[in-house]
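Beneath this line is the structure, given in structure tokens, with notes to follow.
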Amino acid sequence: MATSPVGGAGSSNQTTNKHDTLNNLNLDQFLKVMITELQNQDPLNPMDNAQILQQISQMREIQATDQMRQTLESVLLGQTLVSASTMINREITGLAESGKEIAGRVESVTIENSKPMLHIGSERIPLTNIRSIQPEA
């Protein structure tokens, strides 16, 4: 006689996967899921108020986390832009996007895909690829 696990390892694994999926939802996706759930609930057995409050709390948490991520990305970009701008007119050595080692004076700095790029002639060097910085004369 075969038995199925009740609340065993298989059940826990499924709950964990479901929870991970919910954490990856953005606010719009979460709202769509919640509205669909409310529209399709059994009218004779409606969702408990505690469940609705829990879902609203999760929605606020998702929104706050997203706002914090955006703020931290902006702060990080600002800090790296300041770091990159201090390299203008400095002699550096670094690995260009083309893969070759470049040495020269930084002429300008641009932001490409949220990453600072240092320009030496026609070559671009990501800020993270700097190998050496010569002291100012």
Listed once per pair and sorted, the side-chain hydrogen bond (donor to acceptor under 3.5 Å, both in side chains) pairs that draw on residues 71-84, sequence neighbours left out: Arg69-Glu73
Test side chain to side chain contact (heavy atoms under 4.5 Å, CB included) applied to Leu95 and Ile102, step by step: CA-CA 6 Å; Leu95 190 61; Ile102 302 293; over 6 Å; no
Qualifying residues under side-chain contact (heavy atoms from CB on, under 4.5 Å), relative to Glu101, sequence neighbours excluded: Thr93, Arg131
Non-neighbouring partners of Ser98 that pass side-chain contact (heavy atoms from CB on, under 4.5 Å), sequence neighbours left out: Ala96, Lys100, Glu123
Shared-cluster residues of Val82, by chain and number - hydrophobic side chains joined below 4.5 Å: none
Connected via hydrophobic side-chain network under 4.5 Å: Leu76 and Val109: no
Straight-line distance of Ile120 CD1 to Arg105 CZ, nearest 0.5 Å: 10.0 Å
For Glu112, side-chain contact (heavy atoms from CB on, under 4.5 Å) partners two or more places apart: Thr110, Met117, His119, Arg124
Those residues that, when tested against Gln134, pass side-chain contact (heavy atoms from CB on, under 4.5 Å) (two or more places apart): Glu91, Ser132
Residue pair Arg90, Thr86: steps toward the side chain to side chain contact (heavy atoms under 4.5 Å, CB included) verdict: CA-CA 8 Å; Arg90 301 279 305 263; Thr86 63; 5.6 Å; no
Full working for side chain to side chain contact (heavy atoms under 4.5 Å, CB included) between Leu118 and Glu107: CA-CA 8 Å; Leu118 309 175; Glu107 299 165 0; over 6 Å; no
